[in-house]
Number of protein chains: 2
Amino acid sequence: MAKTKALDKGKTLTAAHEDYIKAIYLLRSQDEEVTNSALANHLNVSPASATNMVKKLADLNLVEYEPYQSISLTVSGERVALEVLRHHRLLELYLHQELKLPWDQVHAEAERLEHVISEALEDAISLALGNPLVDPHGDPIPTKKGMVESVGGQPLSAARVHRKYRLVRVLMQDEERLRYLGALGLYPNVAISLLERAPFDGPLLVDIDGEHHALAYDMAASLLVVAWDETIEE
Amino acid sequence: MAKTKALDKGKTLTAAHEDYIKAIYLLRSQDEEVTNSALANHLNVSPASATNMVKKLADLNLVEYEPYQSISLTVSGERVALEVLRHHRLLELYLHQELKLPWDQVHAEAERLEHVISEALEDAISLALGNPLVDPHGDPIPTKKGMVESVGGQPLSAARVHRKYRLVRVLMQDEERLRYLGALGLYPNVAISLLERAPFDGPLLVDIDGEHHALAYDMAASLLVVAWDETIEE
DNA sequence: GATAACATTTAATCATGGCTAAAACAAAGG
DNA sequence: CCTTTGTTTTAGCCATGATTAAATGTTATC
């Protein structure tokens, strides 16, 4: 019982702590090196603030940190990250599915709620949703035990022409863009085919549920799809 | 546009601000004089902290305050109080009714959530519940416009023997006590009759839905009832 | 009306989590 | 190898919201 400081302290973590830990986890899971500036940038704080907090997290045994080195989570840190992420994604799904909030609004709302819900509420939400595994953007919801389903898929921008795909994940949280996608009917599980690809990473012509639309390349790069017939039909 | 500071600042109020304002409102509505110490006591902070915050709230035009005098809300202050209270009570009802959290837990949960839900979420919750007017404890839910239904009723401790009453409100938020009441089946709208009253403010023998129980005097004093036939049957 | 008892306010401090400016360090190019 | 460029850290500061201890004001009692 000597080195388990972080576990001892239990739920003394503030929203700020959780935000940093979540950011480290998310950056890492996008295969980005977690540098001080990347972290500061992701959280919209100054680099100095990031250093400051990272040091505190290191004291709590939640991150591994040596000055001037890149940052990583410890096992307890990752446990915290997954817990927060579970809250976040359960909330997103709940708000969208049960309370009918538009999907471009649920992220911001969950961002605040994730820090204050109790274990009991987390469980109740999960139960009400039937212990779901993905949120409205197709992001996987960590299980209570901290397991994360790896959602497969390739970027639509890299897909083959004239093949039917299923949209499985939207790597975007920006409200404007999500509203735009929503207007096109681009939600997870929708059928989408690539009709034509403009050169030089130009726009892509796609068929969404019968309708034709042009889609900017970088948008398409943030849409993960799998071949339609590789997936179980609902 | 000179004196409307509080309105100008809009949603820059912190959870601490809201807690103080809510406390002032609740103390006042229990006909207690809102003194500095009552406030400090209610919020579990030191008197010095209360003075400090009250001065800030006065600067924001949310409370009326002169040193050494008792404290009251301004019109904008009351508007804030009602908004927070609306959040709180909507959340309590939602958590209890839709997510099936035990009624003794919803207060603590709502206490945290009330400060972070958006207008849109508030509306969605209210809509999902059919724009309800009372929470699970029988406390009135302020309307969007800031109207509060006054819930009538007299303390059960002052009720007449051998008359059928309807429990309309439980003036208690303590988890232990609520759990106890719950175990007795004492929720709002339950039928209750006073069978016998012990002298010297002693326990009361009551009939709750056919079962007989003894109830401490101070408990009964926190239960508001109305004559069964004065109320609309469901 | 003086004084005791109590409530309130002031003053000085602390922890948190930001910030800016300056110093220290790392990595790359000449 | 040294210097330039960019990143990271340190140092000093600020606002928030709490604390305790001391000073001040209010009220009740004799």
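On a predicted model such as this, the values are computed, not experimentally measured, just so you know. Below, read A as the first sequence line, B as the second, and so on, with proteins coming before strands; counting in each chain starts at 1.
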### Message
Closest approach to the side chain of B:Met53, judged atom by atom: which nucleotide of D:dA18, C:dT16, C:dG18 is it?
### Response
D:dA18

### Integer-rounded Å distance: C:dG18 P and A:Lys56 NZ
8 Å

### Among B:Glu18, B:Glu92, B:Glu122, salt bridge (charged side-chain N to carboxylate O under 4.0 Å, His left out) partner for B:Arg86
B:Glu122

### Chi angles and distances behind the ring pair (Phe, Tyr, Trp, His ring centres under 6.0 Å) call for A:His87, A:His115
CA-CA 8 Å; A:His87 286 184; A:His115 304 296; 8.9 Å; no

### Query
Picking from D:dT20, C:dG17, D:dT10, which would you name as closest to the side chain of B:Ala48?
D:dT20

### Task
Measure from the side chain of B:Ala16, starting at C-beta and using heavy atoms only, and say which of C:dT10, D:dT8, D:dG17 lies closest.
D:dG17

### B:His137 vs B:Met172 side-chain heavy atoms within contact, under 4.5 Å
no

### Query
Are any side-chain N or O atoms of A:His17 and backbone N or O atoms of A:Thr14, one a donor and one an acceptor, separated by less than 3.5 Å?
yes

### Task
Please tell me which of the listed nucleotides, D:dT9, D:dA18, D:dT26, lies nearest to the side chain of A:Tyr65?
D:dT9

### Task
Indicate whether OP1 or OP2 belonging to D:dA18 is found under 4.0 Å from a side-chain N or O atom of B:Tyr20.
yes

### Query
Taking only side-chain nitrogens and oxygens of A:Thr14, does any of them come within less than 4.0 Å of OP1 or OP2 of C:dG17?
yes

### Task
Whole angstrom is fine here: how far is it from CD1 in B:Ile71 over to P in C:dT8?
8 Å

### Query
Could you state the CD-C1' distance from B:Glu18 to D:dG17, rounded to the nearest angstrom?
15 Å

### Task
Could you state the atom-to-atom distance from CD of A:Gln69 to P of C:dC25 in whole Å?
14 Å

## Note on the structure
In whole angstroms, the gap separating P of D:dT9 from CG of A:Asn36 amounts to 5 Å

### Message
Both A:Asn44 and A:Pro67 contact DNA chain C. Taking the nearest nucleotide for each, which residue is further toward the 5' end?
### Response
A:Asn44

### Summary
note: B:Tyr68, atom OH; C:dT10, atom C1'; distance rounded to Å ~ 8 Å

### Message
Is there a side-chain contact between A:His17 and the phosphate of C:dT16, meaning an N or O under 4.0 Å from OP1 or OP2?
### Response
no

### Task
Would you kindly give the CG-to-P distance between A:Asn41 and D:dT8, to the nearest whole Å?
11 Å

### Task
Please state how far atom CG in B:Leu60 lies from atom C1' in D:dT16, giving the value in whole angstrom units.
13 Å

### Task
Looking only at side-chain atoms of A:Ser37, point me to the closest of C:dT9, D:dT7, D:dT19.
D:dT7

### Message
C:dC19, OP1 or OP2 - any side-chain N/O from A:Ser46 closer than 4.0 Å?
### Response
yes

### Message
Looking at D:dT19, I'd like to know if its phosphate oxygens (OP1 or OP2) sit under 4.0 Å from a side-chain N or O belonging to B:Ser49.
### Response
yes

### Query
Does any N or O in the side chain of B:Arg169 come within less than 3.5 Å of the main-chain N or O of B:Leu223, such that one atom is a donor and the other an acceptor?
no

### Message
Counting only side-chain heavy atoms from C-beta out, which of C:dT10, C:dG17, C:dC19 sits nearest to A:Val45?
### Response
C:dC19

